[in-house]
Q: 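Sharing a structure with you now.
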Amino acid sequence: MSSIALRTHHCGDLRAEHVGQTVILQGWVHSVRDRGGVMFLVLRDRGGTTQITLDERIDAEVWAVARQARLEYVLEVEGTVHARGPGAINAKMATGEIEVLPSRIALLNRTKPLPFAIGGAATEATEEVRLKHRYLDLRRPQLQRNFVLRHKLYQATRRCLDGHGFLEVETPILNRSTPEGARDYLVPSRVHPGHWYALPQSPQIFKQLLMVSGFDRYFQVCKCFRDEDLRADRQPEFTQIDMEISFATNELVREVGSSLIRDVWREVLGHEVGEIPVLTYHEAMDRFGRDAPDMRFGLEHTTVDWSASDFVPIQRAVEAGGIVKAMVIPGGAGDTSRKKLDGYTKFVKRYRLGGLLWGKAQAEGGMSGPLGKVDAGLRAQIPGVSEGDLVLVAAGPAKHVHAGLGRLREHIARERDIIPAGTFAFVWVVNFPAFEYDEDGERWVAMHHPFTKPVDEHLHLLETPERLGEVLSDAYDIVCNGSEIGGGSIRIHDDKEQSRVFSALGLTEAEARNKFGFLLDALQYGAPPHGGIAMGLDRWAMLLAGTENIRDVIAFPKTTSASDLMAEAPNTVDSQQLAELFVANVVPEPAEEGTDSA
RNA sequence: GGGGUUGUAGUUCAGUCGGUUAGAACGCCGGCCUGUCACGCCGGAGGCCGCGGGUUCGAGUCCCGUCAACCCCGCCA
């Protein structure tokens, strides 16, 4: 082992133009090809790879060091850049025209046998193994590429928002628990026995207060925490690009958001994002069955009025207040087997839809399958059906029909491979319902959050509980490829209006004061009209990196049960620590910690 | 909270109908090879078959439980 020199280049830098130069490279051994009299080491760093060639031109001492090299050893190589012979050029390698003949090789560090392969074409290890040795997983070029993209995303964001006059301001991580919304992560207070902080689910209230403070335009790249069950695109801690604008209209916020998207996609991928279409929530649900529609393909839905149908499954659904929607799969009659249709039925049952009615369109409006039993006149309500098409119909409660058919639309699109690769279909979804009925809690709850401004023309409905479901809000989501990647709203800036909304949500004056008193106070001191949006930075990174897995864009992610397999968090703590915090553990200590799982 | 998939060498996997000594590839260790780039060739080491019970003469294989990872529903203002 020896002291280190300063490198002259990264491993991906060298080209034919560098031939003849003396260079110093430092990195990891990516591959070893020992041919006896000649040996090739490929050295890798963040920038790429370079072949180090050793043959009779090499000093015996250098040769002896090189012979010790193993995969992932850390080397420092000083040598001369040589052009490869005509037959030895590797077109698949960025630096494939050259090789470095070393005059000195220093072995900076060795490695234990690796838990999984980092270079080469070996199959990928399971995520469990990779997460346990995340520092090695991150060494893989595939993941390094994702973090380069993520870095560019941060930088483009700051450049863009700074350019639009936004101030970057940090808000507290240790915060007050707000009972609405997701479950909080709690932190006990040592100084205030029995009192707890909550980690922020978002900086929502603070950013509104910054508007009251006159900051005018605020943004922050911030961590948010929600203690809910996880998914492929959800982590317990995640990053938002949080923004708020004073004197904002819905259109202005969307304009700034669109501008940010355009800048980021251009700077990170060189991709030009065109005009972003706008759908209302109702339109999105009606045509796609989802408030985050994937606009990369068709298979749109049609709501039909089949209340006159005497077909029992339809009748029953309609009588129970349900709706009937249809989806046409062009040319789907021929290649959709009975087994596949059964699979679709099973698929939609996950979304609590009772089942599916199908029919294969024949000549002259005829139809085989269960839909053949529906009156031809009613079937004619479904537009664009031609011979050879598959028609799928769902009937039931609107929520379940939308969800089942909406997810089935995406499932079938993937299955039939009709989603164009490498495209980004952005869409704004606006005018969400302000409130939704919580069946379990038997009460109305805010769909976005309780500070969202209802549209002016619906304010008069706030005092009419049976019509709360009709109230639309000045809220908007930004969606890309069927994924919600941001959302926000115009906020209520008038304390009277805020009180009316709290009251509509069944909160008494006292309860509202207890939960959100400082916001209500602030609204009485000259709060400007304001609104904003929070962008899901991790999901943006997923889209930019082309991955379906949020763990691929988070350096040290957690598993679906919110543990860190490398750090082994969460862990138990000393009873002394708990005592200081006035916290008692009510979970019985296991006889032996972690007896299971090697 | 519920449903599904998976768990065998360091890694990725195979393992038939329940049968005697659990295999392969890559990696690791040793040797050979002067233009490789998924280098090649020869040899070697390496296994609590996730864990615990049960059935059986006999369990990697069948049954029950449990743990973990992943995907989904609920949940995620």
Side-chain angles (χ1 to χ4, degrees), chain A residues 30-42 49-58 70-72 84-93 95-96 99 111-133 136 178-184 201-202 204-205 224-236 238 346-353 400 403-404 407 411 432 434-436 438-440 444-452 473 475 484 487 489 505 534 536 548-549 551 558-561 563 565 590 594-598:
Chain A
H30 193 65
S31 71
V32 179
R33 291 185 291 274
D34 183 354
R35 296 285 279 102
V38 58
M39 175 162 42
F40 306 93
L41 298 176
V42 175
T49 57
T50 298
Q51 176 167 285
I52 312 298
T53 301
L54 301 104
D55 57 26
E56 79 276 359
R57 291 167 286 185
I58 299 307
R70 297 290 180 273
L71 292 182
E72 299 303 315
R84 293 198 196 182
I89 288 172
N90 185 350
K92 286 183 286 185
M93 204 171 167
T95 59
E99 59 194 350
T111 174
K112 290 196 350 184
L114 297 162
F116 53 87
I118 288 168
T123 42
E124 196 164 90
T126 56
E127 240 192 314
E128 196 170 354
V129 177
R130 290 169 44 205
L131 287 173
K132 190 160 183 162
H133 303 273
L136 292 180
T178 49
E180 304 282 317
R183 205 173 286 116
D184 283 325
Q201 295 175 27
S202 84
Q204 182 59 37
I205 292 177
C224 302
F225 306 84
R226 293 179 192 175
D227 186 6
E228 296 293 347
D229 290 339
L230 305 175
R231 289 288 187 284
D233 61 354
R234 248 156 57 181
Q235 281 274 301
F238 59 99
K346 209 173 156 193
F347 181 89
V348 298
K349 282 186 173 167
R350 291 203 290 226
Y351 304 93
R352 300 168 70 191
L353 193 54
H400 303 158
R407 292 291 183 173
H411 176 75
F432 282 75
F435 310 106
E436 60 187 339
D438 171 16
E439 305 283 349
D440 294 336
W444 287 94
V445 295
M447 190 163 180
H448 189 52
H449 55 58
F451 321 116
T452 300
S473 66
E484 184 207 321
S489 62
L505 289 169
E548 303 273 286
N549 183 341
R551 285 171 240 105
K558 294 185 173 55
T559 67
T560 37
S561 59
S563 29
L565 295 181
T595 42
D596 188 74
S597 82

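Residue numbers begin at 1 in each chain, while the letters A, B, ... track the order of the sequences.
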Q: Nearest of rG35(B), rA69(B), rG10(B) to any side-chain atom of D55(A)?
A: rG35(B)

Q: Atom CG of L565(A) and atom C1' of rG50(B): how far apart are they, to the nearest Å?
A: 14 Å

Q: Checking contacts here: which listed nucleotide (rG35(B), rC70(B), rU34(B)) is nearest the side-chain heavy atoms of R84(A)?
A: rG35(B)

Q: So do V42(A) and R33(A) actually touch side chain to side chain, heavy atoms under 4.5 Å?
A: yes

Q: Measure distances between side-chain N and O atoms of R231(A) and base N and O atoms of rG74(B), and say whether any donor-acceptor pair falls under 3.5 Å.
A: yes

Q: Could you walk me through whether T178(A) and Q204(A) pass the side chain to side chain contact (heavy atoms under 4.5 Å, CB included) check?
A: CA-CA 11 Å; T178(A) 49; Q204(A) 182 59 37; over 6 Å; no

Q: Can you tell me the pairing partner of rG58(B) across any strand shown, Watson-Crick or G-U wobble, with both distances under 3.5 angstrom?
A: none

Q: Below 3.5 Å, does any donor atom in the side chain of E72(A) face an acceptor in the base of rG27(B), or the other way round?
A: no

Q: For a quick check of understanding: with a heavy-atom distance under 4.0 Å over all strands, which category does M447(A) fall into, base, sugar-phosphate or nothing?
A: sugar-phosphate

Q: Under 3.5 Å for both donor-acceptor distances, Watson-Crick or wobble: does rA25(B) have a partner, and if so which one?
A: rU11(B)

Q: Identify whether any heavy atom of K92(A) sits under 4.0 Å from a base atom; if not, whether one sits that close to sugar-phosphate; answer base, sugar-phosphate or nothing.
A: sugar-phosphate

Q: Side chain of L71(A): nearest nucleotide among rG27(B), rU36(B), rG10(B)?
A: rG27(B)

Q: When both hydrogen-bonding distances must be under 3.5 Å and the geometry is Watson-Crick or G-U wobble, what is rU36(B) paired with, if anything?
A: none

Q: Among rU12(B), rC76(B), rC33(B), find the nucleotide with the atom closest to the side chain of V129(A).
A: rU12(B)

Q: Tell me, do Q51(A) and T95(A) make a side-chain contact under 4.5 Å, heavy atoms counted?
A: no

Q: If you measure from the Lys or Arg side-chain nitrogens to the Asp or Glu carboxylate oxygens, is any gap between D55(A) and R57(A) under 4.0 Å?
A: yes

Q: Would you say the side chain of R57(A) and the base of rG35(B) hold a donor-acceptor pair, judged only by whether the two atoms sit under 3.5 Å apart?
A: yes

Q: Report the nucleotide, chosen from rC28(B), rC76(B), rU36(B), that has the shortest atom-to-atom distance to any side-chain atom of R35(A).
A: rU36(B)

Q: Between the side-chain atoms of D34(A) and the base atoms of rC39(B), is any donor-acceptor pair under 3.5 Å?
A: no

Q: Can you tell me which nucleotide in rU34(B), rU36(B), rG1(B) comes closest to the side chain of V38(A)?
A: rU34(B)

Q: So which nucleotide does rU5(B) pair with, by the Watson-Crick or G-U wobble rule with both distances under 3.5 Å?
A: rA69(B)

Q: Establish, with yes or no, whether the OP1 or OP2 oxygen of rA69(B) is under 4.0 angstrom from a side-chain nitrogen or oxygen of T560(A).
A: no

Q: Test for a donor-acceptor pair under 3.5 Å between the base of rC76(B) and the side chain of R226(A), counting only N and O atoms.
A: no

Q: So, is R70(A) near the phosphate of rC29(B), with a side-chain N or O under 4.0 Å from OP1 or OP2?
A: yes

Q: For the pair made of NE2 in H133(A) and P in rU11(B), what is the distance, rounded to whole Å?
A: 8 Å

Q: Counting side-chain heavy atoms from C-beta on, which of rG30(B), rC76(B), rU12(B) comes nearest to T126(A)?
A: rU12(B)

Q: Please examine the side chains of R407(A) and V348(A), heavy atoms only from C-beta on, and report whether any two atoms are closer than 4.5 Å.
A: no

Q: Which sits closer to the 5' end of RNA chain B, R234(A) or T53(A), going by the nucleotide each is nearest to?
A: T53(A)

Q: Applying a 3.5 Å limit to both distances, which nucleotide forms a Watson-Crick or G-U wobble pair with rC41(B)?
A: rG31(B)

Q: When you compare the ring of F116(A) with the six-membered ring of rU11(B)'s base, are the centres less than 5.5 Å apart and the planes under 30° from each other?
A: no

Q: What I want to check is whether an N or O donor and acceptor connect the side chain of Q51(A) with the base of rU36(B) at under 3.5 Å.
A: yes

Q: Using the side chain to side chain contact (heavy atoms under 4.5 Å, CB included) definition, which of the options R234(A), E228(A), Q235(A) pairs with R231(A)?
A: R234(A)

Q: Hey, does A88(A) reach any base, or is it just sugar-phosphate, or nothing, if we go heavy atoms under 4.0 Å?
A: base

Q: Distance criterion of 3.5 Å, no angle test: do you see the side chain of R551(A) paired donor-to-acceptor with the base of rC70(B)?
A: no

Q: For G37(A) and for F451(A), find the nucleotide of RNA chain B with the closest heavy atom, then tell me which residue's nucleotide is more 5'.
A: G37(A)

Q: Hey, does L114(A) reach any base, or is it just sugar-phosphate, or nothing, if we go heavy atoms under 4.0 Å?
A: sugar-phosphate

Q: Under 4.0 Å between any heavy atoms, over every strand shown, what does T178(A) touch: base, sugar-phosphate, or nothing? Just pick one.
A: nothing

Q: With a 4.0 Å cutoff (strictly under), does any side-chain N or O of R33(A) reach OP1 or OP2 of rC39(B)?
A: yes

